[in-house]
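Encoded as C-alpha coordinates, the structure appears first; notes follow it.
Being a predicted model, the structure only gives us computed values, none of them experimental. A note on names: the letters A, B, ... follow the listed sequences, proteins ahead of strands, and every chain is numbered from 1.
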Amino acid sequence: MKRTLIKHVLESDQIGGRVKVAGWVRTRRDSKGGFSFLELNDGSSFAGVQIVVPGEIENYESEILNVTIGSAVAVTGELVESPGSGQRVEIHAGNVHVYGYADPDDYPLQKKQIGFERLRELAHLRPRTNTFGAMARVRNALAYATHRFYQERDFLYLHTPMITASDAEGAGEMFQVTTLDVGAPPRVDDAVDYSQDFFGRPTFLTVSGQLEAEAYALALDRVYTFGPTFRAENSNTRRHLAEFWMIEPEVAFADLSDNADLAEAYVRYLFQYILDHCSTDLEFFNKWVDDGLLARLDSIASADFRRITYTDAVEVLSKAEVAFDYPVDWGVDLQSEHERYLTEVAFEQPLIVTDYPSDIKAFYMRRNDDGKTVAAMDVLVPGVGEIVGGSQREERHDVLYESIVAKGLPVDDYWWYLDLRRFGSVPHAGFGLGFGRIVQFATGMQNIRDAIPFPRTPNSAEF
RNA sequence: UCCGGGGUAGCUCAAUUCGGCAGAGCAGCGGACUGUUAAUCCGUUUGUUGUGGGUUCAAGUCCCACCCCCGGAGCCA
(Lines give C-alpha, C1' and ligand atoms only; values in the text may rest on other atoms or scores of the structure.)
Protein backbone atom coordinates (compact mmCIF):
# COMPACT_ATOMS: atom_id res chain seq x y z
CA MET A 1 0.00 0.00 0.00
CA LYS A 2 1.20 3.48 -0.85
CA ARG A 3 2.31 5.62 2.05
CA THR A 4 0.63 8.95 2.78
CA LEU A 5 2.41 11.86 4.43
CA ILE A 6 0.92 12.72 7.79
CA LYS A 7 0.16 16.31 6.74
CA HIS A 8 -2.15 14.94 4.08
CA VAL A 9 -3.74 12.46 6.46
CA LEU A 10 -4.55 15.28 8.88
CA GLU A 11 -6.25 17.24 6.10
CA SER A 12 -8.04 14.22 4.71
CA ASP A 13 -11.80 13.89 4.69
CA GLN A 14 -11.65 10.22 3.69
CA ILE A 15 -13.12 9.03 6.97
CA GLY A 16 -13.38 5.27 6.97
CA GLY A 17 -10.68 4.87 4.33
CA ARG A 18 -7.50 2.85 4.73
CA VAL A 19 -4.21 4.72 5.02
CA LYS A 20 -0.57 3.90 5.54
CA VAL A 21 1.75 6.28 7.36
CA ALA A 22 5.29 6.03 8.68
CA GLY A 23 7.38 8.14 10.97
CA TRP A 24 9.00 8.49 14.35
CA VAL A 25 7.16 7.99 17.60
CA ARG A 26 6.89 11.03 19.86
CA THR A 27 5.00 9.37 22.70
CA ARG A 28 3.38 6.09 23.57
CA ARG A 29 0.54 6.09 26.07
CA ASP A 30 -0.81 2.74 27.16
CA SER A 31 -4.34 2.04 28.24
CA LYS A 32 -4.98 -0.94 30.44
CA GLY A 33 -8.10 -1.26 28.43
CA GLY A 34 -5.63 -3.24 26.40
CA PHE A 35 -4.52 -0.82 23.73
CA SER A 36 -2.00 1.97 23.20
CA PHE A 37 -1.81 5.42 21.70
CA LEU A 38 1.15 6.40 19.55
CA GLU A 39 1.82 9.93 18.41
CA LEU A 40 3.59 9.63 15.10
CA ASN A 41 5.44 12.45 13.34
CA ASP A 42 7.09 12.32 9.93
CA GLY A 43 8.14 15.96 9.72
CA SER A 44 5.67 16.78 6.95
CA SER A 45 3.74 18.95 9.37
CA PHE A 46 4.08 20.27 12.86
CA ALA A 47 1.34 18.05 14.19
CA GLY A 48 1.66 14.32 14.32
CA VAL A 49 -1.12 11.83 13.92
CA GLN A 50 -2.52 9.80 16.78
CA ILE A 51 -2.44 6.06 16.23
CA VAL A 52 -4.69 3.80 18.27
CA VAL A 53 -3.10 0.36 18.45
CA PRO A 54 -5.50 -2.36 19.60
CA GLY A 55 -4.10 -5.07 21.85
CA GLU A 56 -5.34 -7.69 19.45
CA ILE A 57 -2.71 -7.19 16.79
CA GLU A 58 -0.22 -10.02 16.81
CA ASN A 59 2.94 -8.06 17.76
CA TYR A 60 1.28 -5.92 20.45
CA GLU A 61 2.93 -7.54 23.46
CA SER A 62 6.19 -8.42 21.74
CA GLU A 63 6.84 -5.17 19.90
CA ILE A 64 4.38 -2.33 20.45
CA LEU A 65 4.92 -2.26 24.19
CA ASN A 66 8.64 -1.82 23.49
CA VAL A 67 8.12 1.11 21.14
CA THR A 68 9.36 4.28 22.82
CA ILE A 69 10.08 7.86 21.82
CA GLY A 70 12.30 7.92 18.76
CA SER A 71 11.29 4.51 17.40
CA ALA A 72 10.45 4.34 13.70
CA VAL A 73 7.27 2.58 12.67
CA ALA A 74 4.91 2.18 9.75
CA VAL A 75 1.20 1.89 10.38
CA THR A 76 -1.60 0.68 8.17
CA GLY A 77 -5.10 1.23 9.38
CA GLU A 78 -8.43 2.95 9.16
CA LEU A 79 -8.81 6.71 9.30
CA VAL A 80 -11.55 7.58 11.79
CA GLU A 81 -12.93 10.61 13.55
CA SER A 82 -11.31 10.92 16.94
CA PRO A 83 -13.49 10.82 20.05
CA GLY A 84 -10.64 12.44 21.99
CA SER A 85 -10.30 16.17 22.30
CA GLY A 86 -6.79 16.74 20.99
CA GLN A 87 -7.29 15.92 17.32
CA ARG A 88 -9.87 15.75 14.57
CA VAL A 89 -8.90 12.38 13.16
CA GLU A 90 -6.84 9.39 14.18
CA ILE A 91 -5.81 6.05 12.74
CA HIS A 92 -6.99 2.74 14.12
CA ALA A 93 -4.05 0.50 13.35
CA GLY A 94 -4.56 -2.85 11.69
CA ASN A 95 -0.86 -3.43 11.29
CA VAL A 96 2.21 -1.84 12.84
CA HIS A 97 5.65 -2.56 11.50
CA VAL A 98 8.60 -1.50 13.64
CA TYR A 99 11.52 -0.38 11.52
CA GLY A 100 13.84 0.54 14.36
CA TYR A 101 13.72 0.94 18.11
CA ALA A 102 15.35 3.73 20.08
CA ASP A 103 16.63 2.37 23.37
CA PRO A 104 15.34 4.83 26.00
CA ASP A 105 18.47 4.28 28.08
CA ASP A 106 20.54 5.80 25.30
CA TYR A 107 18.17 7.94 23.24
CA PRO A 108 18.88 11.50 24.37
CA LEU A 109 15.61 13.18 23.39
CA GLN A 110 12.81 13.29 25.91
CA LYS A 111 9.23 14.36 26.00
CA LYS A 112 10.32 17.15 28.28
CA GLN A 113 12.00 20.19 26.79
CA ILE A 114 15.75 20.13 26.30
CA GLY A 115 17.81 23.29 26.17
CA PHE A 116 18.96 24.63 22.79
CA GLU A 117 22.59 24.48 23.89
CA ARG A 118 22.29 20.79 24.62
CA LEU A 119 20.49 20.22 21.32
CA ARG A 120 23.41 21.77 19.44
CA GLU A 121 25.44 18.83 20.67
CA LEU A 122 22.70 16.62 19.21
CA ALA A 123 22.51 18.26 15.81
CA HIS A 124 21.86 14.90 14.17
CA LEU A 125 18.77 14.26 16.32
CA ARG A 126 17.38 17.72 16.95
CA PRO A 127 15.34 17.76 13.70
CA ARG A 128 13.09 15.30 15.54
CA THR A 129 12.06 17.99 18.00
CA ASN A 130 9.14 20.34 17.49
CA THR A 131 11.35 23.41 17.35
CA PHE A 132 13.87 22.16 14.81
CA GLY A 133 11.30 20.47 12.65
CA ALA A 134 9.49 23.81 12.49
CA MET A 135 12.74 25.67 11.86
CA ALA A 136 13.62 23.35 8.98
CA ARG A 137 10.19 23.80 7.39
CA VAL A 138 10.28 27.60 7.72
CA ARG A 139 13.84 27.69 6.37
CA ASN A 140 12.76 25.59 3.42
CA ALA A 141 9.78 27.84 2.76
CA LEU A 142 12.00 30.92 2.83
CA ALA A 143 14.37 29.31 0.33
CA TYR A 144 11.51 28.40 -1.96
CA ALA A 145 10.02 31.89 -1.63
CA THR A 146 13.40 33.37 -2.49
CA HIS A 147 13.56 31.52 -5.79
CA ARG A 148 9.94 32.29 -6.51
CA PHE A 149 10.39 35.99 -5.84
CA TYR A 150 13.34 36.34 -8.19
CA GLN A 151 12.09 33.97 -10.83
CA GLU A 152 8.77 35.85 -10.97
CA ARG A 153 10.79 38.99 -11.69
CA ASP A 154 12.88 37.44 -14.47
CA PHE A 155 16.06 37.14 -12.45
CA LEU A 156 18.49 34.44 -13.51
CA TYR A 157 19.78 32.11 -10.79
CA LEU A 158 23.56 32.23 -11.05
CA HIS A 159 26.07 29.77 -9.61
CA THR A 160 29.19 31.65 -8.60
CA PRO A 161 32.38 29.81 -7.63
CA MET A 162 33.01 28.64 -4.11
CA ILE A 163 36.78 28.68 -4.56
CA THR A 164 38.33 32.01 -5.42
CA ALA A 165 41.79 33.45 -5.74
CA SER A 166 41.10 36.96 -4.63
CA ASP A 167 39.72 38.46 -1.48
CA ALA A 168 36.60 39.94 -3.02
CA GLU A 169 35.94 42.79 -0.66
CA GLY A 170 39.41 43.38 0.68
CA ALA A 171 38.14 42.53 4.12
CA GLY A 172 37.45 39.51 6.24
CA GLU A 173 39.53 36.47 7.06
CA MET A 174 39.28 33.66 4.53
CA PHE A 175 39.64 29.89 4.72
CA GLN A 176 42.51 28.75 2.58
CA VAL A 177 41.98 25.89 0.14
CA THR A 178 45.03 23.81 -0.66
CA THR A 179 46.15 20.34 -1.62
CA LEU A 180 49.66 20.95 -0.36
CA ASP A 181 50.90 19.00 2.62
CA VAL A 182 50.31 21.57 5.31
CA GLY A 183 52.89 19.90 7.53
CA ALA A 184 55.63 20.15 4.92
CA PRO A 185 54.71 22.36 1.99
CA PRO A 186 57.17 22.88 -0.87
CA ARG A 187 59.17 26.05 -0.47
CA VAL A 188 61.08 28.51 -2.56
CA ASP A 189 63.45 30.51 -0.46
CA ASP A 190 61.50 30.94 2.78
CA ALA A 191 58.02 31.12 1.30
CA VAL A 192 55.55 28.39 0.44
CA ASP A 193 55.75 27.56 -3.25
CA TYR A 194 52.14 27.95 -4.32
CA SER A 195 53.01 27.32 -7.94
CA GLN A 196 52.89 23.67 -6.88
CA ASP A 197 49.46 24.00 -5.31
CA PHE A 198 46.37 22.68 -7.11
CA PHE A 199 45.53 25.96 -8.81
CA GLY A 200 49.11 27.13 -9.10
CA ARG A 201 48.37 29.95 -6.68
CA PRO A 202 46.84 30.49 -3.22
CA THR A 203 43.09 29.96 -3.20
CA PHE A 204 40.33 30.48 -0.66
CA LEU A 205 36.70 29.75 0.05
CA THR A 206 34.58 32.62 -1.21
CA VAL A 207 33.31 35.36 1.08
CA SER A 208 30.90 36.65 -1.57
CA GLY A 209 29.79 35.95 -5.11
CA GLN A 210 29.19 39.61 -5.79
CA LEU A 211 32.01 40.38 -8.17
CA GLU A 212 31.19 37.40 -10.36
CA ALA A 213 27.48 38.25 -10.16
CA GLU A 214 28.27 41.72 -11.48
CA ALA A 215 29.89 40.15 -14.56
CA TYR A 216 26.68 38.28 -15.34
CA ALA A 217 24.38 41.18 -14.51
CA LEU A 218 26.32 43.18 -17.08
CA ALA A 219 25.26 40.67 -19.69
CA LEU A 220 21.98 39.15 -18.52
CA ASP A 221 20.47 42.24 -16.88
CA ARG A 222 19.38 40.72 -13.56
CA VAL A 223 20.78 37.78 -11.66
CA TYR A 224 20.88 36.39 -8.15
CA THR A 225 23.09 33.99 -6.28
CA PHE A 226 21.98 31.76 -3.44
CA GLY A 227 24.70 29.68 -1.92
CA PRO A 228 27.14 29.19 0.93
CA THR A 229 29.81 31.70 1.84
CA PHE A 230 32.62 31.44 4.34
CA ARG A 231 34.27 33.75 6.82
CA ALA A 232 37.17 32.62 8.99
CA GLU A 233 36.61 35.40 11.50
CA ASN A 234 36.94 34.32 15.10
CA SER A 235 33.60 35.86 15.88
CA ASN A 236 31.46 34.26 18.50
CA THR A 237 28.08 35.92 18.61
CA ARG A 238 24.52 34.81 18.20
CA ARG A 239 24.41 36.45 14.75
CA HIS A 240 27.52 35.02 13.05
CA LEU A 241 28.50 31.75 11.45
CA ALA A 242 31.71 30.71 9.74
CA GLU A 243 29.65 29.11 6.96
CA PHE A 244 26.42 30.79 6.03
CA TRP A 245 24.11 31.09 3.06
CA MET A 246 23.70 34.36 1.29
CA ILE A 247 21.44 35.69 -1.42
CA GLU A 248 23.01 38.28 -3.68
CA PRO A 249 20.92 39.88 -6.41
CA GLU A 250 22.64 42.11 -8.92
CA VAL A 251 20.76 44.32 -11.36
CA ALA A 252 21.95 46.25 -14.41
CA PHE A 253 20.59 49.73 -15.19
CA ALA A 254 19.66 50.18 -11.55
CA ASP A 255 20.57 52.77 -8.97
CA LEU A 256 20.53 52.81 -5.18
CA SER A 257 16.84 53.67 -5.01
CA ASP A 258 15.97 50.72 -7.25
CA ASN A 259 18.18 48.59 -5.06
CA ALA A 260 16.38 49.64 -1.88
CA ASP A 261 13.04 49.00 -3.57
CA LEU A 262 14.15 45.49 -4.45
CA ALA A 263 15.47 44.71 -1.00
CA GLU A 264 12.31 45.91 0.65
CA ALA A 265 10.03 44.06 -1.75
CA TYR A 266 12.04 40.87 -1.27
CA VAL A 267 12.05 40.94 2.54
CA ARG A 268 8.35 41.72 2.70
CA TYR A 269 7.61 39.00 0.17
CA LEU A 270 9.47 36.46 2.31
CA PHE A 271 7.52 37.26 5.44
CA GLN A 272 4.20 37.34 3.64
CA TYR A 273 5.00 33.98 2.09
CA ILE A 274 5.66 32.23 5.38
CA LEU A 275 2.66 33.91 7.00
CA ASP A 276 0.59 32.38 4.20
CA HIS A 277 2.27 28.97 4.16
CA CYS A 278 3.78 28.20 7.58
CA SER A 279 1.08 29.34 9.97
CA THR A 280 1.21 26.32 12.29
CA ASP A 281 4.97 26.46 12.65
CA LEU A 282 4.92 30.22 13.19
CA GLU A 283 2.19 29.91 15.80
CA PHE A 284 4.42 27.45 17.62
CA PHE A 285 7.34 29.89 17.58
CA ASN A 286 5.01 32.69 18.61
CA LYS A 287 3.79 30.69 21.59
CA TRP A 288 7.01 29.10 22.82
CA VAL A 289 9.93 31.14 21.49
CA ASP A 290 8.95 34.75 20.86
CA ASP A 291 5.47 35.98 21.71
CA GLY A 292 5.66 39.07 19.51
CA LEU A 293 6.68 37.17 16.42
CA LEU A 294 3.46 37.01 14.42
CA ALA A 295 2.57 40.63 15.04
CA ARG A 296 6.03 41.72 13.97
CA LEU A 297 6.10 39.62 10.80
CA ASP A 298 2.69 40.92 9.93
CA SER A 299 3.59 44.55 10.43
CA ILE A 300 6.77 44.22 8.40
CA ALA A 301 5.04 42.46 5.55
CA SER A 302 2.37 45.13 5.35
CA ALA A 303 4.16 48.43 5.94
CA ASP A 304 6.70 50.44 3.99
CA PHE A 305 10.25 50.45 5.28
CA ARG A 306 11.59 53.69 6.57
CA ARG A 307 14.47 55.19 4.58
CA ILE A 308 17.01 57.54 6.00
CA THR A 309 20.45 58.72 5.01
CA TYR A 310 23.45 58.04 7.17
CA THR A 311 23.82 61.77 7.72
CA ASP A 312 20.24 62.08 8.98
CA ALA A 313 20.65 58.95 11.09
CA VAL A 314 23.66 60.52 12.80
CA GLU A 315 21.50 63.58 13.42
CA VAL A 316 18.79 61.46 15.04
CA LEU A 317 21.33 59.62 17.17
CA SER A 318 23.07 62.75 18.34
CA LYS A 319 19.74 64.11 19.58
CA ALA A 320 18.83 60.85 21.31
CA GLU A 321 18.48 61.09 25.05
CA VAL A 322 20.37 57.87 25.54
CA ALA A 323 23.88 57.32 26.79
CA PHE A 324 25.70 55.33 24.10
CA ASP A 325 28.91 53.48 24.89
CA TYR A 326 30.34 54.75 21.64
CA PRO A 327 29.99 58.39 20.70
CA VAL A 328 28.10 59.26 17.55
CA ASP A 329 30.03 61.30 15.09
CA TRP A 330 29.73 61.81 11.35
CA GLY A 331 32.38 59.68 9.68
CA VAL A 332 32.44 56.73 12.04
CA ASP A 333 30.46 53.60 11.35
CA LEU A 334 27.23 53.00 13.21
CA GLN A 335 27.72 50.68 16.16
CA SER A 336 25.33 47.86 16.98
CA GLU A 337 23.86 49.93 19.78
CA HIS A 338 23.20 52.76 17.33
CA GLU A 339 21.55 50.49 14.80
CA ARG A 340 19.44 48.97 17.54
CA TYR A 341 18.38 52.36 18.78
CA LEU A 342 17.34 53.46 15.31
CA THR A 343 15.35 50.39 14.43
CA GLU A 344 14.06 49.41 17.88
CA VAL A 345 13.54 52.72 19.65
CA ALA A 346 13.53 55.69 17.29
CA PHE A 347 11.46 54.19 14.47
CA GLU A 348 10.39 50.75 15.71
CA GLN A 349 10.37 49.32 12.21
CA PRO A 350 12.74 48.09 9.51
CA LEU A 351 14.99 50.83 8.32
CA ILE A 352 17.09 51.37 5.22
CA VAL A 353 20.09 53.56 5.93
CA THR A 354 21.78 54.95 2.82
CA ASP A 355 24.74 57.03 1.68
CA TYR A 356 27.48 56.18 4.15
CA PRO A 357 30.87 57.92 4.32
CA SER A 358 33.13 56.47 1.69
CA ASP A 359 35.98 55.91 4.13
CA ILE A 360 34.10 53.20 6.01
CA LYS A 361 32.73 51.35 3.01
CA ALA A 362 34.06 48.96 0.38
CA PHE A 363 35.97 50.03 -2.73
CA TYR A 364 33.32 48.97 -5.24
CA MET A 365 30.56 51.26 -3.94
CA ARG A 366 29.64 54.18 -6.17
CA ARG A 367 31.03 57.53 -5.11
CA ASN A 368 28.36 60.17 -4.65
CA ASP A 369 28.64 63.65 -6.13
CA ASP A 370 29.30 65.16 -2.69
CA GLY A 371 32.69 63.42 -2.74
CA LYS A 372 32.24 62.27 0.85
CA THR A 373 29.70 59.50 0.68
CA VAL A 374 29.00 56.39 -1.36
CA ALA A 375 25.72 54.94 -2.60
CA ALA A 376 25.58 52.23 0.05
CA MET A 377 22.64 50.89 1.99
CA ASP A 378 22.01 48.68 5.00
CA VAL A 379 18.65 47.23 5.91
CA LEU A 380 18.24 47.04 9.67
CA VAL A 381 15.52 45.11 11.45
CA PRO A 382 14.60 45.05 15.14
CA GLY A 383 16.18 42.23 17.10
CA VAL A 384 18.57 40.95 14.50
CA GLY A 385 20.22 44.11 13.24
CA GLU A 386 21.71 44.24 9.79
CA ILE A 387 20.21 41.66 7.43
CA VAL A 388 21.04 43.34 4.13
CA GLY A 389 24.10 45.20 2.99
CA GLY A 390 24.28 46.56 -0.53
CA SER A 391 25.16 49.39 -2.83
CA GLN A 392 25.10 50.88 -6.25
CA ARG A 393 28.37 49.76 -7.80
CA GLU A 394 30.98 52.12 -9.15
CA GLU A 395 30.59 51.79 -12.90
CA ARG A 396 33.13 54.50 -13.86
CA HIS A 397 36.46 52.86 -14.64
CA ASP A 398 38.72 55.63 -13.49
CA VAL A 399 36.85 56.28 -10.29
CA LEU A 400 36.87 52.55 -9.46
CA TYR A 401 40.55 52.31 -10.24
CA GLU A 402 41.32 55.21 -7.92
CA SER A 403 39.23 53.65 -5.22
CA ILE A 404 41.06 50.32 -5.42
CA VAL A 405 44.38 52.10 -5.17
CA ALA A 406 43.18 54.35 -2.36
CA LYS A 407 42.11 51.35 -0.31
CA GLY A 408 45.52 49.78 -0.80
CA LEU A 409 44.21 46.77 -2.71
CA PRO A 410 46.25 44.89 -5.35
CA VAL A 411 45.00 46.44 -8.58
CA ASP A 412 46.31 43.59 -10.73
CA ASP A 413 43.97 41.12 -9.05
CA TYR A 414 40.99 43.18 -10.21
CA TRP A 415 41.88 43.28 -13.91
CA TRP A 416 38.73 41.47 -14.98
CA TYR A 417 36.53 43.45 -12.60
CA LEU A 418 37.93 46.65 -14.06
CA ASP A 419 37.44 45.22 -17.56
CA LEU A 420 33.71 45.22 -16.92
CA ARG A 421 34.01 49.04 -16.70
CA ARG A 422 36.00 49.25 -19.90
CA PHE A 423 33.47 47.46 -22.08
CA GLY A 424 29.84 48.51 -22.06
CA SER A 425 29.72 49.63 -18.47
CA VAL A 426 26.36 50.67 -17.08
CA PRO A 427 25.03 51.71 -13.67
CA HIS A 428 24.17 48.66 -11.62
CA ALA A 429 23.42 47.74 -8.04
CA GLY A 430 22.94 44.80 -5.75
CA PHE A 431 22.98 43.56 -2.20
CA GLY A 432 23.69 40.60 0.01
CA LEU A 433 21.17 39.13 2.41
CA GLY A 434 22.20 36.72 5.15
CA PHE A 435 19.78 33.84 4.85
CA GLY A 436 20.37 32.62 8.39
CA ARG A 437 19.47 36.02 9.76
CA ILE A 438 16.20 35.97 7.88
CA VAL A 439 15.47 32.53 9.31
CA GLN A 440 16.43 33.85 12.73
CA PHE A 441 14.10 36.76 12.41
CA ALA A 442 11.30 34.71 10.88
CA THR A 443 11.32 32.13 13.67
CA GLY A 444 12.24 34.36 16.60
CA MET A 445 15.12 32.04 17.43
CA GLN A 446 17.65 33.95 19.48
CA ASN A 447 20.76 32.25 18.15
CA ILE A 448 21.66 31.85 14.49
CA ARG A 449 23.19 28.47 15.36
CA ASP A 450 19.62 27.29 15.84
CA ALA A 451 18.47 28.70 12.50
CA ILE A 452 20.60 26.36 10.36
CA PRO A 453 20.74 22.55 10.44
CA PHE A 454 24.44 22.11 11.12
CA PRO A 455 26.06 25.36 12.29
CA ARG A 456 29.74 26.02 11.68
CA THR A 457 31.37 28.24 14.28
CA PRO A 458 34.88 28.50 15.73
CA ASN A 459 35.72 25.19 17.40
CA SER A 460 32.57 23.54 16.17
CA ALA A 461 32.39 21.24 13.13
CA GLU A 462 31.40 17.96 14.74
CA PHE A 463 28.66 17.01 12.33
C1' U B 1 40.20 38.53 20.03
C1' C B 2 38.28 41.61 24.48
C1' C B 3 34.63 41.98 28.72
C1' G B 4 31.05 39.38 31.72
C1' G B 5 28.49 34.78 33.27
C1' G B 6 28.79 29.59 33.44
C1' G B 7 30.50 23.90 33.41
C1' U B 8 27.38 19.42 39.60
C1' A B 9 23.23 12.42 37.92
C1' G B 10 21.04 10.76 31.04
C1' C B 11 18.31 16.05 31.03
C1' U B 12 17.00 20.84 33.89
C1' C B 13 18.93 22.69 38.20
C1' A B 14 20.03 23.20 43.89
C1' A B 15 23.87 22.71 47.60
C1' U B 16 22.56 28.95 53.60
C1' U B 17 26.41 34.99 54.68
C1' C B 18 31.94 32.61 56.25
C1' G B 19 35.02 25.18 53.26
C1' G B 20 32.23 20.23 57.13
C1' C B 21 28.44 13.20 54.85
C1' A B 22 26.41 16.03 46.95
C1' G B 23 20.37 16.82 46.71
C1' A B 24 15.54 17.63 43.98
C1' G B 25 12.38 17.43 39.63
C1' C B 26 12.16 15.02 34.99
C1' A B 27 13.77 10.65 32.25
C1' G B 28 14.79 5.34 33.10
C1' C B 29 13.31 0.84 35.79
C1' G B 30 9.22 -1.94 38.91
C1' G B 31 4.07 -1.52 40.09
C1' A B 32 -1.05 0.84 40.12
C1' C B 33 -4.69 3.41 37.27
C1' U B 34 -6.73 5.55 32.90
C1' G B 35 -9.94 7.14 25.35
C1' U B 36 -4.90 8.79 26.60
C1' U B 37 -2.68 13.34 24.49
C1' A B 38 3.60 17.56 28.72
C1' A B 39 -1.21 11.74 31.54
C1' U B 40 -1.48 10.75 36.86
C1' C B 41 -0.13 8.01 41.55
C1' C B 42 3.37 4.74 44.60
C1' G B 43 8.28 2.73 44.85
C1' U B 44 13.38 2.83 43.05
C1' U B 45 18.63 3.04 40.52
C1' U B 46 22.05 6.84 38.99
C1' G B 47 27.96 11.15 40.44
C1' U B 48 36.01 11.00 38.36
C1' U B 49 31.26 18.20 40.67
C1' G B 50 35.02 20.46 32.79
C1' U B 51 40.78 19.23 33.05
C1' G B 52 45.47 19.65 35.69
C1' G B 53 47.90 21.52 39.86
C1' G B 54 47.86 24.08 44.83
C1' U B 55 46.11 25.56 50.07
C1' U B 56 43.65 22.68 54.12
C1' C B 57 42.46 17.78 59.10
C1' A B 58 38.61 18.52 55.30
C1' A B 59 37.36 21.64 48.63
C1' G B 60 31.50 21.58 44.24
C1' U B 61 32.86 25.82 47.45
C1' C B 62 39.30 29.11 48.29
C1' C B 63 43.99 30.03 44.84
C1' C B 64 46.68 29.28 39.86
C1' A B 65 46.73 27.53 34.80
C1' C B 66 44.16 25.49 30.79
C1' C B 67 39.72 23.59 27.90
C1' C B 68 34.76 24.26 26.52
C1' C B 69 29.85 26.72 26.48
C1' C B 70 26.60 31.14 26.75
C1' G B 71 25.75 36.55 26.54
C1' G B 72 27.74 41.38 25.08
C1' A B 73 31.52 43.98 21.99
C1' G B 74 34.46 44.09 17.52
C1' C B 75 34.08 42.14 12.37
C1' C B 76 30.00 41.57 9.24
C1' A B 77 25.42 39.09 6.36
Margin query: Say we look at B:G50 and B:A14: how far apart would their P atoms be, to the nearest angstrom?
Written below: 13 Å

Atom CG of A:Leu38 and atom P of B:G35 are separated, to the nearest Å, by 17 Å

Here the distance between atom P of B:A73 and atom CZ of A:Phe324, to the nearest Å, is 13 Å

Side-chain contact check for A:Asp30: nearest option of B:U34, B:G35, B:C76 is B:U34

By ring pair (Phe, Tyr, Trp, His ring centres under 6.0 Å), A:His147 pairs with (sequence neighbours left out) A:Tyr157, A:Tyr224, A:Phe226

Between CD1 of A:Ile114 and P of B:A27 the distance, given in whole Å, is 12 Å

| message | I'd like to know whether CZ of A:Phe463 has more than 12 heavy-atom contacts from other residues, nucleotides or ligands below 6.0 angstrom. | response | yes

query: If we only count heavy atoms from C-beta on, is the A:Val75 to A:Leu40 side-chain gap below 4.5 Å?
result: yes

Checking B:G35, B:U12, B:C75 against the side chain of A:Arg118 (C-beta onward), the nearest is B:U12

**Report entry** B:G74 phosphate, OP1 or OP2, under 4.0 Å from A:Gln335 side-chain N/O
**Finding:** yes

| said: Please give the distance between the C1' atoms of B:G30 and B:G35 as a whole number of Å. | reply: 25 Å

Residues pairing under salt bridge (Lys or Arg N to Asp or Glu O under 4.0 Å) where one sits in residues 4-18 of chain A, two or more places apart or in two chains, turn out to be none

The salt bridge (charged side-chain N to carboxylate O under 4.0 Å, His left out) partners of A:Asp290 (sequence neighbours excluded) come to A:Arg296

From CG of A:Leu125 across to P of B:C11 the rounded distance in Å is 14 Å

By salt bridge (charged side-chain N to carboxylate O under 4.0 Å, His left out), A:Lys361 pairs with (sequence neighbours left out) A:Asp378

Below 3.5 Å, does any donor atom in the side chain of A:Glu233 face an acceptor in the base of B:U1, or the other way round? no

Polar atom pairs between nucleotides 66-72 of chain B and protein, under 3.5 Å, N or O only, would you list them?
from	atom 1	to	atom 2	distance (Å)
B:C68	OP1	A:Asn459	OD1	3.1
B:C68	OP1	A:Asn459	ND2	3.1
B:C70	OP1	A:Arg120	NH1	2.9
B:G71	OP1	A:Asn447	ND2	2.6
B:G71	OP2	A:Asn447	ND2	3.2
B:G71	OP2	A:Arg449	NH1	3.2
B:G72	OP1	A:Arg238	NE	2.4
B:G72	OP1	A:Arg238	NH2	3.4
B:G72	OP2	A:Arg238	NE	3.4

Honestly, is A:Arg268 close enough over A:Tyr273, meaning NZ or CZ under 6.0 Å from the six-membered ring centre and within 45° of the axis? no

RNA chain B in dot-bracket form (Watson-Crick or G-U pairs under 3.5 Å, [ ] crossing, | inter-strand) is (((((((..((((......[..)))).(((((.......))))).....(((((..]....))))))))))))....

Please give the distance between the P atoms of B:G20 and B:G10 as a whole number of Å. 24 Å

